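The structure appears below as structure tokens.
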Amino acid sequence: MATKQIGSLVWKHAAPIQIFGANTGVGKTVATTLLLKCGLLGRPHYIKPVSTGDAADEDSLHIRKFVPSVNYKTLVSFDIPVSPHLAARHSKIETPYTDNSILTALHDELVKLAALATPKSPIHPLVECAGGVLSPGPSGTLQADLYRPLRLPVLLVADHRLGGIGATISAWESLHLRGYDVVGLIVFQEQVFENYKYFRTYFKTRDVPVYVIPRTPPPTNSDKALDLFSMQRYYEQVVQHGGLLDFTRSLSKKLLARSDRIEHLADRTESNIWHPFLQHTERSRDSILVIDSAYGDYFQSPAPANTRIKTMSTLVPTFDGSASWWTQGLGHGNPDLALAAAHAAGRYGHVMFANASHEPAVELAERLIKGSGPGTKANKVFYTDNGSTGMEVAVKMALKAAARRYGWQPSDDIMVLGLKGSYHGDTIGVMDCSEGNVYNAKVEWYKGRGFWFDFPKVKMSQGKWKVIPPAGLDDVFGDVQEFDTLDDVFDRAKRTEAAEVYRGIIDQILKHLVSQGNKFGALIMEPVILGAGGMLFADPLFQHELWQATQRLDQGPVVQIDAERDGKLDWSGMPVVADEVFTGLYRLGHRSSSHLIGMSPDIVVYAKLLTGGLLPLAATVASKSIFNAFLSKDKADALLHGHSYTAHAMGCSVANKSLRTFGHLERSRWRVFQKRYRGHGTLDEIEETVPHLWSMWSPRFVSELSYRHDVEGVFAVGSVLAIEMKDAEGAGYTSTASIGLRDKLLLGHSNINQNVHCRVLGNVLYFMASLTTEVGTLMAVQCQITTALNGK
């Protein structure tokens, strides 16, 4: 079932405030009562998402007793006075409360209240949490993580007791680390430990205003009438204190300021920012996607003026349909990755890596080499800062190794081989490794140093997987090949006839090119899918045969060199570079996309998913033979390449955490997706029978798309879905056939409460999930795609 999405809520005159406590027993309910009695936050509204203990002692009843006009509601109650996770465990409720059910209930209640607010009669509901910031909720999820999708402004009630300074600062750091805005801190003025004095100084430099409640509440009296009288007088005395009124006014101003910042961010962007991949004559204020925050699979962004979403919130959840340029693997705002980065920042900051070392970098290198699997050549890891620079290094490595083997000189014109439509980055060197296209053809230094093969492409059409020859080359490549399953497309044993055809074509072209005096220093390929070229799904058999052909290619005699240093000549013809910046590290459902096409590369480049989408980092992994090609007594023969932030400790630490998590997902969470591509059987049976190729996108949904009259073809592999729209004007990067569909998706769906933001590549509309995306989330996106295609 499609999941209704819960996102951050921002209203100008109805902004809620979440009350967190630094610990249990710090006086959250007393502080909340004071704020409600003050009256400056508008009509008093109070929500307790989760309550435990005797109903007669509920916090909401205490508040109602002293603020009779309050509108109050407790969403979930357990009668056992223990932590919510323990209370839920022993509860007699048949249907357990999930994180999503609690969030949905809170979200819907806040939306109802917001509908009652007006500029003259604002409402700022106070949402009081149970226990401390890191106390578990009913499911066991820490409260700071449970409520994070809503990202409500937080008021933290400090701990005024012995040990309270450490507890309070830890609580604030936990909230800050998770992206919450802590708009203020409240603490009781206790005279023995005087924690409040320390907090005033500590939080002043952190832009967190501190309100000190003049004194602690009176002790509980066994005489209920006297107890009621004492508390009533206490509240009246504090409310009359000028400090509370000033503090509450500052809260109101902060809430308004947040709304104003969101409203004006597009204008500030237009004035100051030069965007990538954009013709700025097409940019306007309304076309800029403002992102206030992001969590999981979603941006929190202002809704378009004609949105179909009816929550009235300034922000709406927007599905990150491009996985933020293919980087997202473990979701936005992932607290585990944030902690890994923070720990490395605290331990190292940044340290240089020139003839130096640190544990995160070495551990990551070992993990990448070991994880390459049996039969690979991975031996040494070189770090850079992104996919393009990682590929720059790979090209340097490959060309040097080839030149050394064949005795070529620096003055020789050494070229590369690849596929038409390839793209390896925007730095000048790797631009030359792709055929002229919209990205590089008008760049003044572009030369195009290579030869690029046209190739058969894979897509599903009319429910069948088809391998389609290049346009106009049917007489060379043969007819369209049809298959029932994608596994069959990748099964080389079943395609011996096609392999023979490919082999003949490739060998003939390569021999001709070499006979013309061309020197080729590397084969450079994006295995399986060519991303930026238009999500081109290359026939894996053609890529396999091209690799094999380059290894057979005779480029002249090998110069006599030290065989031990050269890795005992573990490659022939030319080195092969696998650009797995996009397709590697499980983006296609498997760790290595090179392995999917049966290729053993000499150099592999990883980036994007390497850090789960949090930080830029790239790793170029080379064989021993490639590494040894740079060894000599001459410094000029070394790989003289590097970056100031080479192997930065934060990136390496996050990458280690990401790869460990991917391994866990491979063994557990993805099985529910894999089962759909297997057909039948229990989850326990899947381990031995899981299909070679699978996708997070529903096979039924993909098949239904393939039958549409307006769809040329479709494919889904791993987390990637690509829809090629028919275009009478012709396909390609400059096509506008998919723009209308993109714009409809951004208008959202009222029942699902989300927009979908996606990128287009000409007539191809593509979508990408994180590797942690839930089935229900993708079902919602699939529903919106279908609705948009149907013109609704």
Side-chain angles (χ1 to χ4, degrees), residues 372-378 394 398 416-422 424 450-459 465-470 473 476-478 480-483 485-511 513 520 522-531 533 536-554 570-580 582-584 587-605 623 691-693 715 717-718:
S372 296
T376 63
K377 303 176 183 178
V416 300
L417 290 170
L419 299 179
K420 287 180 178 292
S422 60
H424 306 291
F451 178 85
W452 296 277
F453 286 83
D454 211 342
F455 58 94
K457 300 175 183 66
V458 178
K459 65 181 70 171
W465 286 100
K466 299 180 180 181
V467 177
I468 302 172
L473 296 177
V476 178
F477 283 87
V480 173
Q481 304 166 56
E482 288 193 0
F483 303 88
T485 71
L486 191 54
D487 285 341
D488 291 337
V489 176
F490 280 78
D491 191 341
R492 295 191 300 277
K494 295 180 179 179
R495 302 185 61 196
T496 54
E497 186 176 334
E500 187 175 343
V501 172
Y502 292 165
R503 205 173 297 135
I505 296 170
I506 296 167
D507 282 344
Q508 184 176 349
I509 292 174
L510 288 178
K511 288 178 182 177
L513 290 170
F520 293 101
L523 168 65
I524 305 177
M525 284 198 302
E526 300 164 79
V528 185
I529 299 175
L530 283 66
L536 308 176
F537 192 159
D539 183 356
L541 180 62
F542 184 86
Q543 288 194 314
H544 175 81
E545 292 299 331
L546 177 56
W547 166 60
Q548 292 281 60
T550 61
Q551 303 306 288
R552 295 190 299 268
L553 184 64
D554 182 4
D570 64 359
W571 60 267
S572 57
M574 68 190 72
V576 59
V577 177
D579 179 352
E580 295 200 25
F582 163 44
T583 61
R587 179 57 76 193
L588 305 185
H590 291 259
R591 188 189 186 285
S592 167
S593 56
S594 295
H595 291 177
L596 287 176
I597 64 172
M599 181 175 75
S600 181
D602 303 284
I603 305 167
V604 186
V605 180
S623 70
H692 190 57
L693 276 298
F715 70 79
V717 183

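Just so you know, these numbers use all the heavy atoms, side chains as well, and skip hydrogens, waters and symmetry mates. Since this is a predicted model, take the numbers as computed values, not measurements.
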**Q.** Student check: side-chain heavy atoms of I468 and P456 closer than 4.5 Å
**A.** no

Q: Give the minimum heavy-atom separation between E526 and S422, together with the two atoms involved.
A: OE2-CA, 3.4 Å

Q | Atom pair CG (L546) and OH (Y502), whose distance is rounded to the nearest 0.5 Å | A | 12.0 Å

Q: Check L536 against G421 and note the closest heavy-atom contact, atom names and distance.
A: CD1-CA, 4.2 Å

Q) Considering only heavy atoms from C-beta outward, does the side chain of V458 approach that of P540 to under 4.5 Å? A) yes

Q.
For F537 and F715, take the angle between the two ring planes, folded into 0 to 90°, and tell me which bin it lands in: parallel under 30, tilted 30 to 60, perpendicular over 60.
A. perpendicular

Q | Any residue meeting side-chain hydrogen bond (donor to acceptor under 3.5 Å, both in side chains) with Q548, in chain and number order, not counting sequence neighbours | A | none

(Q) Testing the basics here: between I603 and A398, what is the closest heavy-atom pair and its distance to 0.1 Å? (A) CD1-N, 3.7 Å

Q: State, yes or no, whether a side-chain contact exists between H590 and H595 at a heavy-atom distance under 4.5 Å.
A: no

Q) Is there a side-chain contact between L417 and F453, using heavy atoms and a 4.5 Å cut-off? A) yes

**Q.** Spacing of F455 atom CZ and I505 atom CD1 [to the nearest 0.5 Å]
**A.** 14.0 Å

**Q.** Atom of M525, atom of Q543 and distance for their closest heavy-atom approach
**A.** CE-O, 3.6 Å

Q) How far apart are the closest heavy atoms of L530 and K420, and which atoms are they? A) CD2-O, 3.5 Å

Q) Which distance, rounded to the nearest 0.5 Å, do you find between the CG of L510 and the CG of D554? A) 12.0 Å

Q. What do you reckon, is CD of E482 surrounded by more than 12 foreign heavy atoms closer than 6.0 Å?
A. yes

(Q) Let me confirm one number: the NZ-CG distance from K377 to D570, rounded to the nearest 0.5 Å. (A) 5.0 Å

(Q) Is the shortest side-chain heavy-atom distance between V528 and F490 below 4.5 Å? (A) yes

**Q.** Minimum side-chain heavy-atom gap H692-L596 below 4.5 Å
**A.** yes

Q. Just checking, any donor-acceptor pair under 3.5 angstrom between side chains of E580 and S594?
A. yes

Q) Distance from D579 atom CG to I524 atom CD1, nearest 0.5 Å? A) 8.5 Å

Q.
Minimum heavy-atom separation for I506 and A549, please, with both atom names.
A. CG2-CB, 3.4 Å

**Q.** Which residues share a side-chain hydrogen bond (donor to acceptor under 3.5 Å, both in side chains) with K466, sequence neighbours left out
**A.** none

Q) So do the side chains of V467 and R495 get within less than 4.5 Å of each other, counting heavy atoms only? A) yes

